[in-house]
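Keep in mind the model is a prediction, meaning the values are calculated, not measured.
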Amino acid sequence: MVMVGVHVIGALAGVALGVGAVFLGRMFIEGARRDRRLRPELIAAGVRRDRWELAVAKMDSEDAAERLESFTDLERYGREDPDAREDIIELTCTYLRRPFRFPVEDEQEFEIRLAAQGLLTRHLRRSGSLEFWEVDELDLRDAVLVELDFADCDLSGADFGDGVIVGGNFRRARFQRFANFERTWFTGETDFRAATFPRNASFNAAMFAGVTTFAEAEFQDRVDFGYARVEKPDEAHSWPSPWYVWVASPVAQGRLVPRKS
């Protein structure tokens with residue numbers, strides 16, 4: 001009886017070990033299957049991260065061709081990953097805030113900056129063929145922007161303070177939160193026709209060196225042109241009411257002042 005009991009116990013132990021081995025085997029197989037299901041996502045995330053880091057590194061390259069290519073890479077990345085779009089817009093604005101001489105001396109760098117500006121305008125224009133990118137703020141303080149085309153764009157909060165705009169097309173642009181053009185130098189033709197401005201809009205101390213029009217522009221509140229100057233007062237400008245150009249002498253710059261009601 002004792003020997004039988006021992007054999008029974010041994011047999012049961014063997015069965016238990018066999019069942020355990022099968023269970024562990026199944027766990028291993030299921031774990032491997034889960035790992036295979038997760039692995040493509042992890043790999044894709046890693047690839048995207050590598051592509052992001054490579055594109056950002058190209059922006060600082062000494063090779064102009066690589067800097068130009070970085071904006072193509074970033075735009076493609078933004079189309080695939082909506083969560084990265086605001087970061088891409090911020091990186092692009094950061095690049096455009098780098099020092100740049102005008103009149104243009106470096107044609108290659110000028111081409112790169114046009115590509116950067118194009119990335120912004122293509123994805124901030126709701127009426128365009130490409131997907132609109134929603135961003136809270138456009139920080140272009142101190143930026144030198146040449147042949148800028150923000151026509152029909154939604155700019156939300158936009159800061160162009162202390163910058164230079166050489167030929168700016170803002171026709172029908174919509175500024176939703178704020179529009180800051182304080183101490184901005186406008187040269188060439190500047191077009192704000194039918195643009196809409198929020199309550200917080202300022203052109204304080206701006207310099208208008210070319211023909212400027214605000215015809216049919218709409219302002220939620222009174223816009224600030226205090227201390228703004230007009231280099232060529234006799235040109236065919238169009239200013240929002242109640243502002244007009246006051247000139248102290250025939251050879252002086254004009255100054256924007258409000259008409260007394």
>> Could you tell me if Glu182 and Ser202 have a donor-acceptor pair between their side chains, going purely by distance under 3.5 Å?
In response: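 Result is yes, a qualifying pair exists.
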>> Under a 4.0 Å threshold between the charged nitrogen and the carboxylate oxygen, would Glu216 count as salt-bridged to Arg193?
In response: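 Glu216 and Arg193: not salt-bridged.
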Taking salt bridge (charged side-chain N to carboxylate O under 4.0 Å, His left out) as the definition, give me every residue that meets it alongside [X], ordered by chain and number, with sequence neighbours left out.
X      : result
Asp162 : Arg183
Arg229 : none
Glu109 : Arg67
Arg141 : Asp139, Asp159

>> I need the Thr196 OG1 to Gln220 CD distance, nearest 0.5 Å.
In response: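 Output value for this atom pair is 8.0 Å.
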> How many angstroms lie between CG in Asp81 and CZ in Arg76, if you round to the nearest 0.5 Å?
Replying inline: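 Here the rounded value is 14.0 Å.
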>> Before you tell me yes or no, could you show the steps for Glu147 and Arg113 under salt bridge (charged side-chain N to carboxylate O under 4.0 Å, His left out), namely the whole-Å CA-CA distance, both residues' side-chain angles and the distance that decides it to 0.1 Å?
In response: CA-CA 10 Å; Glu147 299 175 10; Arg113 296 177 71 84; over 6 Å; no
Are any of the side-chain heavy atoms of [X] and [Y] separated by less than 4.5 Å?
X      : Y      : value
Ser156 : Val135 : no
Tyr244 : Leu256 : no
Pro240 : Phe225 : yes

> So Ile89 and Leu119, side-chain contact (heavy atoms from CB on, under 4.5 Å) or not? Walk me through it.
Replying inline: CA-CA 8 Å; Ile89 295 294; Leu119 187 156; 4.2 Å; yes
Closest non-hydrogen atom pair, [X] against [Y]:
X      : Y      : answer
Gly254 : Pro233 : N-CG, 3.5 Å
Ile112 : Ala64  : CD1-O, 3.4 Å
Glu111 : Leu68  : OE2-CD2, 3.8 Å

Sequence-distant partners of [X], side chain to side chain contact (heavy atoms under 4.5 Å, CB included), two or more places apart:
X      : answer
Gln117 : Leu96, Leu114, Leu145, Leu148
Asp63  : Ser61, Ala65, Glu66
Pro82  : Arg85

> Of all residues at least two apart in sequence or in a different chain, which pass the side chain to side chain donor-acceptor pair (under 3.5 Å) check with Trp185?
Replying inline: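 Side chain to side chain donor-acceptor pair (under 3.5 Å) check on Trp185 returns nothing, list empty.
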>> Just to verify, what does Arg79 make a side chain to side chain donor-acceptor pair (under 3.5 Å) with, not counting sequence neighbours?
In response: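 Partners of Arg79 by the side chain to side chain donor-acceptor pair (under 3.5 Å) criterion, ordered by chain and then number, come out as Glu75.
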[X] and [Y]: same hydrophobic cluster, using ILVMFWY side-chain contacts below 4.5 Å?
X      : Y      : result
Leu54  : Tyr77  : no
Leu124 : Val146 : no
Val245 : Phe181 : yes
Trp243 : Phe186 : yes
Val230 : Trp246 : no

Could you list the donor-acceptor pairs under 3.5 angstrom formed by side chains in residues 167-179, with sequence neighbours left out?
residue, atom, partner, partner atom, Å
Asn169, OD1, Arg171, N, 3.1
Asn169, ND2, Asp149, OD1, 3.3
Arg171, NE, Asp191, OD2, 3.0
Arg171, NH2, Asp191, OD2, 2.8
Arg172, NE, Asp152, OD1, 2.7
Arg172, NH2, Asp152, OD2, 3.0
Arg174, NE, Asp154, OD1, 2.3
Arg174, NH1, Arg172, O, 3.4
Arg174, NH2, Asp152, O, 3.0
Arg174, NH2, Asp154, OD1, 2.9
Arg177, NH1, Asp136, O, 2.5

>> I'd like to know whether CD of Glu90 has more than 12 heavy-atom contacts from other residues, nucleotides or ligands below 6.0 angstrom.
In response: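 Counting neighbours around CD of Glu90, 12 or fewer heavy atoms of other residues, nucleotides or ligands fall under 6.0 Å, so no.
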> Is the side chain of His237 donor-acceptor paired with the backbone N or O of Lys232 at a distance under 3.5 Å, no angle test?
Replying inline: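 Looks like yes, one N/O pair under 3.5 Å.
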> Is a side-chain N or O of Trp133 found less than 3.5 angstrom from the main chain of Arg122, in a donor-acceptor match?
Replying inline: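 Checked: no pair found.
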>> Show me the pairs that pass ring pair (Phe, Tyr, Trp, His ring centres under 6.0 Å) and involve residues 90-115, at least two apart or across chains.
In response: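 Found Phe71-Tyr95.
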>> So if I apply the ring pair (Phe, Tyr, Trp, His ring centres under 6.0 Å) rule between Phe203 and each of Phe192, Trp239, Phe219, Tyr227, which one comes out positive?
In response: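 Result: among Phe192, Trp239, Phe219, Tyr227, Phe192 is the only option passing the ring pair (Phe, Tyr, Trp, His ring centres under 6.0 Å) with Phe203.
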Could you go through residues 204-214 and list every donor-acceptor pair under 3.5 Å that involves a side-chain atom there, pairing it with any protein atom two or more places apart or in another chain?
residue, atom, partner, partner atom, Å
Asn204, ND2, Asp224, OD2, 3.2
Asn204, ND2, Gly226, O, 3.2
Thr212, OG1, Gly210, O, 3.1
Thr213, OG1, Ala215, N, 3.1

>> What verdict does the salt bridge (charged side-chain N to carboxylate O under 4.0 Å, His left out) test give for Arg101 and Asp106, after you've listed the backbone C-alpha separation in whole Å, the side-chain angles of each residue and the deciding distance to 0.1 Å?
In response: CA-CA 8 Å; Arg101 288 186 179 276; Asp106 186 338; over 6 Å; no
>> Quick one, Glu80 with Arg51, criterion salt bridge (charged side-chain N to carboxylate O under 4.0 Å, His left out). Give me CA distance, side-chain angles, the key distance, then yes/no.
In response: CA-CA 12 Å; Glu80 298 172 2; Arg51 285 171 51 204; 2.9 Å; yes
> Does the side-chain contact (heavy atoms from CB on, under 4.5 Å) test come out yes or no for Phe197 and Val223, once each step is laid out?
Replying inline: CA-CA 9 Å; Phe197 292 86; Val223 62; 5.9 Å; no
